[in-house]
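Read through the structure below, which is laid out as structure tokens, and then see the notes.
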Amino acid sequence: MRQAGRYLPEYRKVRANFPNFMEFCLNPAAATEVTLQPLSRFKLDAAIIFADILTIPHVLGHPVTFTEGHGPRVTPFNSPHQLAGLQAHLADIPNALAPVFQTVKQTRAALPEDKAVIGFCGGPFTLACYMLDEKPSLGIANTLAFAAAHPQSFTQLLSILTQACASYLGGQISAGANAVQIFESWALACPPPLWQQAVHQPLTALAAAVRLQHPQTPIIAFPRGASQPQLLALAEQPQNPFAALSLATEVDLSWASQKLQPHVALQGNLDPLLLTQEDPAPMLASLTAMLNTAATNPGYVVNLGHGLTPQTLIPNVEKLVEAVRTWRA
Ligand code: 1CP
């Protein structure tokens, strides 16, 4: 959950060398360095590869630009006529994203065996949102309008993105990733009538495709904003391809522990904003409640409900890790 990033001075130092964010993501030496930074500082169990979910549209012919204070901007997809171009770029994935695979390989080689390396990608719906709407955080009107006006093309777009992500995750696993996480962050904005077709089905198809090639590698899904019935449907489906569900802060963990944990491992869901407060007591109280709820059952990974923000206080991360390490020793 954005382990690396702007709250770390050593990250900001490397970042300053790369005005172009995508060049940074696709530079194995720099990406490996910032992937390892949080593990040098904190006693973490896993490293998440430094890259971005937007590498996929970037190499499918929709370049991503990044301006300070504005965030990423994907060259828009706005017409069914652009599907053929996307389809034509699918075969480029192994070459175009070889730098990310190299980062995985170098990170795996740099860490002891008991530290896991986690690869990742965006969920198909989330990627579609970034391609159709410039800033999904401001709403996904274009995505919804496109899905309504061109239902078949929308399904085709999700299918191409699913294939691209399967190839991308497969490449990361072949390069040494021990687990992979699918960030379906903008599932949060998906209206219920579209959920099955736009989120549940593509996310499941993506995980199933990866499992077919790499049956031993755990797949974690982060369907941010999924309701309780939607989470249950993901966890309980026959031949569920997910080893774990990563839960946003809004999910009731005691419900999830009772209903989901018998089917899948859980990850999450500490509020990342607690790590921005001078007083660590609320953060530690929340952590203890989380551990007492979900870590007493098999299958629980301590994590946040969303990414670390630039305002995160480093001593809080230290205290959090220490508290996990000493919980019931
Ligand atoms: O230095 C900077 O200014 C860039 C900040 C930044 C970082 C550190 C971006 C831009 N991406 C990343 C790395 C990143 N992104 C990782 C690396 C691993 C880690 O250290 O955790 C991961 C896993 C992501 C995933 C990602 N990118 C998501 C899914 C998770 C989530 O936050 O919901 C999303 C939505 C993105 C898009 C993106 N990339 C960057 C930003 C600021 C955003 C969000 C844009 C927005 O919609 O506002």
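Atoms considered below: every heavy atom in the structure, side chains included; atoms not considered: hydrogens, waters and symmetry mates. Indexing begins at 1, ligand by ligand and atom by atom, following the structure's order.
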Fill in the blank from the handout: of all protein heavy atoms, closest to atom 22 (C) of ligand 1 is F120 CZ, 3.4 Å
Handout entry: From the candidates I48, I53, L138, the one that places a heavy atom nearest atom 25 (C) of ligand 1
Key = I53
Exercise for the section: Using a strict cut-off of 4.0 Å, indicate which atoms of ligand 1 neighbour a heavy atom of M1. Expected result: 21 (O)
Exercise for the section: Measure T126 to ligand 1 on non-hydrogen atoms and call it side chain, backbone, both or neither using the 4.0 Å cut-off. Expected result: neither
Handout entry: Minimum-distance pair of heavy atoms, taken over all atoms of H89 and L60
Key = CD2-O, 3.3 Å
Handout entry: Contact atoms of ligand 1, heavy-atom distance to Q3 under 4.0 Å
Key = 19 (C), 20 (O), 21 (O)
Practice task
Mind telling me whether F18 and F24 have parallel, tilted or perpendicular rings, with 30° and 60° as the class edges?
Solution key: parallel
Exercise for the section: Report yes or no: does a heavy atom of F24 sit under 4.0 Å from some atom of ligand 1? Expected result: no
Practice task
Work out whether the distance between some heavy atom of A51 and some atom of ligand 1 is less than 4.0 Å.
Solution key: yes
Exercise for the section: Answer yes or no for G71: is there a heavy-atom contact with ligand 1 below 4.0 Å? Expected result: no
Exercise for the section: Would you check if the side chain of Q82 reaches a backbone N or O of S79 as a donor-acceptor pair within less than 3.5 Å? Expected result: yes
Practice task
Measure across T293 and S257 and return the closest heavy-atom pair with its distance rounded to 0.1 Å.
Solution key: O-OG, 3.3 Å
Handout entry: Atoms of ligand 1, numbered as shown, that sit under 4.0 Å from any heavy atom of S185
Key = 29 (C), 30 (C), 31 (C), 33 (O)
Exercise for the section: Run the contact test for V34 against ligand 1 with a 4.0 Å cut-off on heavy atoms, strictly below, and give the result. Expected result: no
Exercise for the section: Using a strict cut-off of less than 4.0 Å between a Lys/Arg side-chain nitrogen and an Asp/Glu carboxylate oxygen, indicate whether K259 and E236 qualify as a salt bridge. Expected result: no
Problem - contact_flag Q181 ligand 1 heavy-atom lt 4.0 Å - result: no
Exercise for the section: Determine whether the side chain, the backbone, both or neither of R15 has a heavy atom under 4.0 Å from any heavy atom of ligand 1. Expected result: side chain
Handout entry: Non-hydrogen side-chain atoms of Q201 and T204 separated by less than 4.5 Å
Key = no
Practice task
Identify, by atom number and element, the atoms of ligand 1 in contact range of H306, meaning under 4.0 Å from any of its heavy atoms.
Solution key: 31 (C), 32 (O), 33 (O)
Problem - Contact partition for P38 relative to ligand 1, non-hydrogen atoms under 4.0 Å - result: neither
Handout entry: Heavy-atom donor-acceptor pair, R224 side chain to S185 backbone, under 3.5 Å
Key = yes
Practice task
Say whether Q106 and Q102, considering side chains only, have a donor N or O and an acceptor N or O under 3.5 Å apart.
Solution key: yes
Exercise for the section: For the residue pair T249 and N269, confirm or rule out a side-chain donor-acceptor distance under 3.5 Å. Expected result: no
Exercise for the section: For ligand 1, note which part of R6 has a heavy atom under 4.0 Å away: side chain, backbone, both or neither. Expected result: side chain
Practice task
Report yes or no: do H70 and R73 form a side-chain donor-acceptor pair below 3.5 Å?
Solution key: yes
Problem - Distance from atom 1 (O) of ligand 1 to nearest protein heavy atom, with residue and atom - result: Y11 OH, 2.5 Å
Problem - Atom indices of ligand 1 within 4.0 angstrom of Y130 heavy atoms, with elements - result: 35 (C), 37 (C), 44 (C), 45 (C), 46 (C), 47 (O)
Handout entry: Nearest neighbour in protein (non-hydrogen) for atom 11 (N) of ligand 1
Key = D52 OD1, 2.7 Å
Problem - Distance-only donor-acceptor check, side chains Q311 and T276, under 3.5 Å - result: no
Completion exercise
Checking heavy-atom distances from atom 19 (C) of ligand 1 to each of R2, M22, K135, the winner is R2
Exercise for the section: Measure the acute angle between the ring planes of F222 and F183, then classify it against the limits of 30° and 60° as parallel, tilted or perpendicular. Expected result: perpendicular
Completion exercise
For I49, the atoms of ligand 1 under 4.0 Å from one of its heavy atoms are 17 (C), 18 (C)
Handout entry: Between E322 and T326, a side-chain donor and acceptor under 3.5 Å
Key = no
Problem - Distance-only side-chain donor-acceptor flag, Q267 / Q181, under 3.5 Å - result: yes
Completion exercise
closest protein heavy atom to atom 41 (C) of ligand 1 is P72 CD, 3.8 Å
Exercise for the section: Indicate, as side chain, backbone, both or neither, the part of A4 found under 4.0 angstrom from ligand 1 when only non-hydrogen atoms are considered. Expected result: both
Fill in the blank from the handout: min-distance protein heavy atom vs atom 6 (C) of ligand 1 -> F21 CZ, 3.8 Å
Practice task
Could you verify whether a donor N or O on one side chain and an acceptor N or O on the other, from Q230 and S227, lie under 3.5 Å apart?
Solution key: yes
Handout entry: Protein heavy atom at shortest distance from atom 10 (C) of ligand 1
Key = F66 CE1, 3.4 Å
Practice task
Can you sort out which atoms of ligand 1 are near F183, meaning under 4.0 Å from one of its heavy atoms?
Solution key: 23 (C), 29 (C), 30 (C)
